[in-house]
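Bear in mind that the values here come from a model prediction, so they are computed numbers and not experimental data. Below, chains carry the letters A, B, ... as their sequence lines are ordered, and counting in each starts from 1.
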Amino acid sequence: MLRTHTCGELNERNVGAEATLCGWVWKSRDLGGVLFVDLRDRYGFTQLVVDPAVDKELHEAASKLKGEDVVRVAGEVRLRPEEQRRDDVPTGAVELHVRKLEVLARAKTPPFNLAEEELEVHEDLRLEYRYLDLRRPHMQRNLAVRHRAVKAIREYLSARGFVEIETPNLMRSTPEGARDYLVPSRLHRGRFYALPQSPQMYKQLLMAAGVDRYFQIARCFRDEDQRADRQPEFTQLDLEMSFAEEEDVFDVTEGVFAASFREGIGVELEVPWPRLTWREAMSRYGRDKPDTRFGLEFADVTELFKNSKFLERGHKYAEGAAFALKVPGGLTRKQLGDVEQAVTAEKFPGVMSFTVGGNGEIKGPALKHFPGGFGKQLLKYTKGEEGDGILVCAGEFGHAANVLGTARLKVADVLDIKKEKGFNFLWVTDFPLFERDPATGEPVPSHHPFTSPRLEDADKLEAAPFDVTSRAYDVTVNGVELGSGSVRIHDAALQRRVFKAFGYSDEEIEARFGFFLRALEYGTPPHAGIAPGLDRWVMVMRGERSIRDVIAFPKTLRASSPMDGSPAPVAREQLDELGLTLKDEGPEGK
RNA sequence: GGGGCGGUAGUUCAACUUGGUUAGAGCACCGGCCUGUCACGCCGGAAGUUGCGGGUUCGAGUCCCGUCCGCCCCGCCA
């Protein structure tokens with residue numbers, strides 16, 4: 001190695017020793033005589049001292065160093081003068097008095113300032129020069145935490161008998177679900193592979209293969225519109241267990257998260273995690289991924305709206321419900337305006353706003369729509385007190401809950417009560433197998449078709465699909481959905497019925513899933529699993545707002561890469577070889 | 001597909017509300033001074049197709065239209 005130590009390593013114990021360091025010039029302070037240079041690498045930074053009185057030539061060379069030059073320096077480790085020691089960095093007590101300097105690589109002036117700790121640079125610029133962006137200590141830490149988390153995951157699962165197995169990245173396209181990324185085949189003209197949206201069927205086939213306990217740090221691809229927490233390619237911890245039920249998956253998942261938080265950021269998670277049924281989550285928080293770091297729970301006031309028009313409007317197919325959200329101390333006019341704006345973005349139904357006046361009198365413009373006893377009842381349900389605000393939303397169950405859920409999050413936002421109060425992990429269970437299309441009333445699957453219904457509900461699959469509860473579960477933390485899983489169907493006949501209930505014809509079932517059903521006919525054990533998204537996982541660990549900050553080379557929201565210019569046009573010959581012609585060249589032409 | 005925010009010096013921002021002479025500041029960069037700094041300090045300098053195209057106007061960074069790029073949200077993500 002060109003170095004004897006890293007830049008984060010030297011401390012009091014090395015005083016008097018000779019050391020050779022390699023690293024990037026970070027910040028330098030030229031006092032005219034003595035020159036200080038902070039030399040940085042992945043491990044930290046060390047202050048170099050160059051004294052012209054010791055070596056004039058060396059000092060001259062050192063004073064020409066610029067930010068991001070890569071150098072190798074050798075010298076003696078000395079204690080800093082007493083009053084100049086820093087205890088906020090591990091190397092703060094010492095400095096290296098340079099005797100030899102070698103420039104390994106010169107750097108052009110970087111396009112943005114790497115000495116700034118904050119990430120506040122236009123993101124397209126950060127992505128274009130990602131290798132510079134990643135040099136910053138903050139990003140180095142993100143990469144390191146991710147590595148430690150993955151290492152802990154592998155160790156934890158391996159110790160519990162899980163086997164890591166790779167599954168194909170070139171597979172058959174399945175038009176349902178997310179849009180596939182397609183890969184044309186050269187050897188089979190006109191045919192295409194798809195990149196996996198998840199290894200779902202493969203891992204179930206591994207259960208059929210007797211693997212018993214499988215996991216994979218799996219790359220997944222979905223060609224859908226992006227968000228701060230969604231990338232075209234992302235990583236899941238995919239795992240599956242045979243002869244297992246919900247409790248077994250919960251136990252392993254809690255264990256693997258606890259291990260990763262311990263190893264990754266030194267945080268001890270409390271397990272087991274609380275559980276909420278989907279219905280409870282919706283009725284109390286208006287989300288299937290509730291942020292429980294603050295209260296603001298709903299009161300169910302459906303009873304007050306019985307026989308009212310509010311429950312009939314906009315939900316001719318589904319069950320109506322009404323919820324109330326008490327805001328202790330109320331909201332200012334501006335805060336209420338912000339909340340209302342957040343809610344109207346979701347269109348209907350609206351949120352009614354009331355306030356509690358002196359001697360328990362309810363006030364609000366919507367009051368005129370209700371009979372006299374309404375106010376008193378509302379107060380009773382919400383336990384409102386003088387000065388409180390009460391927001392109410394009534395309509396179809398899911399919509400009303402969701403709209404008030406949006407209001408709840410905005411209220412927490414404007415009152416600034418979210419903060420960072422640890423990690424509130426939560427299981428959400430008992431999802432309905434089908435949701436209702438609000439426009440048509442038709443059943444639409446709320447999970448993938450391999451999710452087992454509760455066996456006692458299986459009879460209702462055809463007659464009353466909305467009454468079927470699935471054995472699906474989500475793991476969420478602080479309002480972020482980290483992953484979902486389920487007990488799977490392992491019986492071919494039941495799987496066939498569910499495919500049909502999902503609306504597939506016999507022909508479609510055979511063409512797309514025939515091989516899979518066949519596997520189920522050869523003795524597939526009961527099995528269950530889960531697939532938490534690793535990017536969000538690490539994002540939450542690091543308190544980042546975007547998964548882009550925990551991915552080394554992410555794409556922009558438009559799925560492009562400013563650094564390498566992908567996606568890019570390809571040569572005509574490449575298309576010819578694949579038997580492809582373009583209908584048009586796209587907006588960029590060529 | 002829809003809505004919102006943004007794009008001004010290498011960079012982070014100001015000037016835009018109310019159109020008006022030469023578009024400013026911090027950091028970075030270049031030059032000079034400075035021997036214990038750690039956001040070193042002081043003096044000076046260079047640095048701009050105001051994303052791009054069009055329009056209105058005597059005059060546009062500023063107003064209007066279009067377009068590109070980035071970010072945030074809705075739809076979408078079985």
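- Among the heavy atoms of the strands, none lies under 4.0 Å from Thr174(A).
- Across all strands shown, Asp223(A) has no heavy atoms under 4.0 Å from either base or sugar-phosphate atoms.
- Contact annotation for Asp225(A): base contact, defined as any heavy-atom pair under 4.0 Å involving a base atom.
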- request: Could you run through nucleotides 44-49 of chain B and give me one letter per nucleotide, 5' to 3': B if any protein heavy atom sits under 4.0 Å from the base, S if only the sugar-phosphate is that close, - if neither?
  value: ------
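- Nucleotides U8(B) and A23(B) have their C1' atoms positioned 8 Å apart, rounded to a whole Å.
- With C1' as the reference atom, U12(B) and C52(B) are 23 Å apart, rounded to whole Å.
- Residue Phe112(A) and nucleotide U11(B) are not classified as a stacked aromatic pair, given the requirement of ring centres less than 5.5 Å apart at an interplanar angle below 30°.
- Within the 4.0 angstrom heavy-atom criterion, base atoms lie near His448(A).
- For the C1' atom pair drawn from G61(B) and A14(B), the interatomic distance equals 12 Å after rounding to whole Å.
- Taking the charged nitrogens against the carboxylate oxygens, Lys500(A) and Asp506(A) do have a contact shorter than 4.0 Å, which makes a salt bridge.
- Applying the side chain to side chain donor-acceptor pair (under 3.5 Å) test to every pair with at least one member in residues 31-50 of chain A, sequence neighbours left out, gives these pairs: Arg29(A)-Asp38(A), Arg29(A)-Gln47(A), Arg40(A)-Glu68(A), Gln47(A)-Glu95(A).
- Distances shorter than 4.0 Å separate none of the side-chain N or O atoms of Arg29(A) from OP1 or OP2 on U37(B).
- Ring pair Trp278(A)/Phe397(A) is tilted by interplanar angle, where 30° to 60° counts as tilted.
- If you check the side chains of His138(A) and Glu544(A), you find a donor sitting under 3.5 Å from an acceptor.
- Note on Glu95(A): a base of the nucleic acid sits closer than 4.0 angstrom, heavy atoms only.
- For Arg558(A), a side-chain nitrogen or oxygen approaches OP1 or OP2 of C69(B) to under 4.0 Å.
- Checking side-chain atoms of Gln495(A) against main-chain N and O of Pro449(A) turns up a donor-acceptor pair under 3.5 Å.
- In this structure C38(B) sits in no base pair that meets the Watson-Crick or G-U test at under 3.5 Å.
- As a whole-Å value, the separation of Asp229(A) CG from C74(B) C1' is 14 Å.
- Rounded to a whole angstrom, the distance from the P atom of C30(B) to that of U17(B) is 38 Å.
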task: Please report the C-alpha distance between Leu433(A) and Arg454(A) in whole Å, then the side-chain angles of each, then the deciding distance to 0.1 Å, and finally whether the side-chain contact (heavy atoms from CB on, under 4.5 Å) criterion is met.
output: CA-CA 9 Å; Leu433(A) 194 62; Arg454(A) 290 208 170 279; over 6 Å; no
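- Counting non-hydrogen atoms under 4.0 angstrom, Arg548(A) reaches the backbone sugars and phosphates but no base.
- Distances from the side chain of Gln84(A) to the nucleotides G70(B), C72(B), C38(B) place C38(B) closest.
- Across all strands, Glu123(A) comes closer than 4.0 Å only to sugar-phosphate atoms, never to a base (heavy-atom distances).
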- request: Between protein and nucleotides 3-8 of chain B, map the contacts as a letter string: B base, S sugar-phosphate only, - none, heavy atoms under 4.0 Å, written 5' to 3'.
  value: ----S-
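- Among the nucleotides C71(B), A28(B), C38(B), the one closest to the side chain of Arg80(A) is C38(B).
- Residue-level contact check: Arg222(A) touches the backbone only, with heavy atoms under 4.0 Å from sugar-phosphate atoms and none from bases.
- Using N1 to N3 plus N6-O4 or O6-N4 for Watson-Crick, or N1-O2 and O6-N3 for G-U wobble, each under 3.5 Å, G70(B) pairs with C5(B).
- Neither OP1 nor OP2 of A28(B) sits under 4.0 Å from any side-chain N or O of Thr109(A).
- Counting non-hydrogen atoms under 4.0 angstrom, His97(A) reaches a base of the nucleic acid.
- Which of U11(B), G36(B), C71(B) sits closest to the side chain of Leu31(A) comes down to G36(B).
- Rounded to whole Å, the separation between the C1' atoms of U62(B) and A46(B) comes to 27 Å.
- A tilted orientation is assigned to the rings of Phe513(A) and Tyr504(A), their planes being inclined by 30° to 60°.
- Straight-line distance between the C1' atoms of C43(B) and C38(B): roughly 23 Å, to the nearest whole Å.
- With both ends at atom C1', the span from C63(B) to U56(B) equals 8 Å, rounded to whole Å.
- Nucleic acid contact class of Leu125(A) (heavy atoms, under 4.0 Å, all strands): sugar-phosphate only.
- Phosphate contact (OP1/OP2 of C77(B), side-chain N/O of Ser198(A), threshold under 4.0 Å): absent.
- Nucleotides G20(B) and G59(B) are separated by 15 Å at their P atoms, to the nearest Å.
- Heavy atoms of Pro81(A) sit under 4.0 angstrom from at least one base atom.
- Residue-level contact check: Pro111(A) touches the backbone only, with heavy atoms under 4.0 Å from sugar-phosphate atoms and none from bases.
- Across all strands shown, Arg86(A) has heavy atoms under 4.0 Å from base atoms, whether or not it also approaches the sugar-phosphate.
- When only modelled atom types and interatomic distance are considered, Ser198(A) and Gln236(A) share no side-chain donor-acceptor pair under 3.5 Å.
- The side chain of Lys108(A) contributes no N or O atom lying less than 4.0 Å from OP1 or OP2 of C29(B).
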